Number of protein chains: 2
Amino acid sequence: MDPLSAVFGALADPTRRALLQRLAESDATVTELAEPFAMSQPAISKHLKVLEHAGLISRSKVATARYSHLEAERLREAIEYMERYKRFWSRSFDRLDQAIAAFTAMQQTTTADEPATENNGKETTDD
Amino acid sequence: MDPLSAVFGALADPTRRALLQRLAESDATVTELAEPFAMSQPAISKHLKVLEHAGLISRSKVATARYSHLEAERLREAIEYMERYKRFWSRSFDRLDQAIAAFTAMQQTTTADEPATENNGKETTDD
DNA sequence: CGCTTTCAGAACCGAAAGGTTATAGATGGA
DNA sequence: TCCATCTATAACCTTTCGGTTCTGAAAGCG
């Protein structure tokens, strides 16, 4: 799976977000993490594996205990991805209205041949 | 489903992210959106429904065409969520090392009773 | 009116997700 | 050495996901 899908997929589950929230307080073992949830220990272990796979946490064995702790790098990437789109989105805000207006005008005149998805060179959305 | 799970779940699929990327250029109809993908039209319609459910796009029927366009609000919420955690994460960076050090010290002295998950009141992480 | 285009919905399918219980491997303690 | 604890894995089940094909409704066009 691509890294971005892994990160977003990991964040898409409320239990996993709660685990991250708990880990923001301090590193913790599996039993400590499992305690507040109405869920079995293997279920928590699975969630931790998903988070680890996504790069959102790292894990280290100390004795029998296995500590999880947060990793910021992957999240930073995901945030950057989203902010990149936020830029685009603010620009594409009223495009639907424009398209409808163009279409309506076309209908009324019944002469123009412009496609409804007009892209009149006003923006150069290079990435 | 809670809104945050819906947004992250929607972003967890590469096809849906590509759809958003395409929509960042301009609003588009289902056929236009489906064209570059090696995928049937109903599949694209399903993806659009997921994006709409997550609040990431809105849709409007003009004639037979149905235009999709991006919505920024939900994304902004998701970004805020992630940035909130980024703050926590930068603080909890070296906690594992601390825990290991504390545990090792405990092992070596074989006298201390401090739990490994020390949380010595240094931070008040209220949310 | 009849045809074509655009799109959504239904029915179906295989794979993945999210949970369970039972078990086994490490490891520390009595 | 024997026992208790911590954790991962295996096997299993049910639901969701991501895709398909087929069909039908809505709307413009000749």
Side-chain angles (χ1 to χ4, degrees), chain A residues 1-2 5-19 27-35 37-54 57-68 99-100 103-104 106-113 115-117, chain B residues 1-2 5-6 8-19 27-35 37-54 57 59-68 99-100 103-104 106-113 115-117:
Chain A
M1 185 165 20
D2 63 293
S5 296
V7 171
F8 286 132
L11 291 172
D13 185 278
T15 302
R16 286 194 288 266
R17 291 200 302 276
L19 287 172
D27 299 324
T29 68
V30 176
T31 348
E32 287 169 355
L33 290 170
E35 191 271 326
F37 294 97
M39 204 179 294
S40 66
Q41 167 262 314
I44 300 295
S45 282
K46 278 194 188 178
H47 281 305
L48 291 174
K49 197 148 91 175
V50 172
L51 291 170
E52 186 180 21
H53 226 87
I57 68 172
S58 64
R59 309 176 78 189
S60 180
K61 202 169 169 183
V62 170
T64 55
R66 204 156 172 210
Y67 287 92
S68 301
I100 292 175
F103 188 90
T104 305
M106 188 183 83
Q107 288 300 100
Q108 286 172 344
T109 61
T110 330
T111 49
D113 271 22
T117 62
Chain B
M1 186 166 18
D2 63 293
S5 297
F8 286 132
L11 291 173
D13 184 276
T15 302
R16 287 194 287 266
R17 290 200 303 275
L19 287 172
D27 299 324
T29 68
V30 175
T31 351
E32 287 168 355
L33 289 170
E35 191 270 327
F37 294 97
M39 204 179 292
S40 67
Q41 167 263 312
I44 300 294
S45 282
K46 277 193 187 179
H47 282 304
L48 290 174
K49 196 148 91 175
V50 172
L51 291 170
E52 186 181 21
H53 227 88
I57 67 171
R59 310 176 78 187
S60 180
K61 203 170 169 183
V62 170
T64 56
R66 202 153 174 211
Y67 287 92
S68 302
I100 292 176
F103 188 90
T104 307
M106 188 182 82
Q107 288 300 101
Q108 286 171 345
T109 62
T110 330
T111 49
D113 271 20
T117 62

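Predicted model only: the values in this text are computed from it and were never measured. Labels below follow one simple rule: chain letters A, B, ... track the order of the sequence lines, proteins then strands, and each chain is numbered from 1.
A heavy-atom distance below 4.5 Å is not found between the side chains of A:Tyr67 and A:Lys61. A:Arg16 is not listed as a side-chain neighbour of A:Leu11, based on a closest heavy-atom distance of 4.5 Å or more. By the 4.5 Å heavy-atom criterion applied to side chains, A:Phe8 and B:Asp13 are not counted as neighbours.
If you measure from atom NZ of B:Lys49 to atom P of D:dG18, you get 13 Å, rounded to the nearest angstrom. Rounded to an integer number of Å, the gap from CD1 of B:Ile44 to C1' of D:dG18 is 11 Å. The separation between A:Tyr67 atom OH and C:dT27 atom P is 15 Å, rounded to whole Å. Distance, A:Leu48 CG to D:dT7 C1': 11 Å, rounded to whole Å. Rounded to an integer number of Å, the gap from A:Glu32 CD to D:dC6 C1' is 11 Å. Counting to the nearest Å, the P atom of C:dG9 and the NE2 atom of B:His53 are 12 Å from each other. As a whole-Å value, the separation of B:Leu11 CG from D:dC17 C1' is 16 Å. Per the geometry, CD1 belonging to A:Ile57 stands 12 Å off P belonging to D:dT7, to the nearest Å.
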Protein heavy-atom contacts under 4.0 Å, written 5' to 3' over nucleotides 19-26 of chain C as B (base), S (sugar-phosphate only) or - (none), form the string BBBB----

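Proximity of a side-chain donor or acceptor of B:Glu35 to a complementary backbone N or O of B:Glu32 within less than 3.5 Å is not detected.
Closest non-hydrogen pair, A:Leu48 versus A:Ile57, comes out as O-CD1, 3.6 Å.
Using a 4.0 Å cut-off, no side-chain N or O of A:Thr31 falls inside it from OP1 or OP2 of D:dC6. For B:Arg59, a side-chain nitrogen or oxygen approaches OP1 or OP2 of C:dA8 to under 4.0 Å. For B:Arg66, no side-chain nitrogen or oxygen approaches OP1 or OP2 of D:dA26 to under 4.0 Å.
With no hydrogens or angles considered, a side-chain donor-acceptor pair links A:Ser45 and A:Gln41 at under 3.5 Å.
Closest approach to the A:Ala63 side chain among C:dG9, C:dG28, C:dA8 is made by C:dG28 (side chain taken as heavy atoms from C-beta onward).
Using a cutoff of 4.0 Å between basic side-chain nitrogens and carboxylate oxygens, B:Asp27 and B:Arg66 are not scored as salt-bridged.
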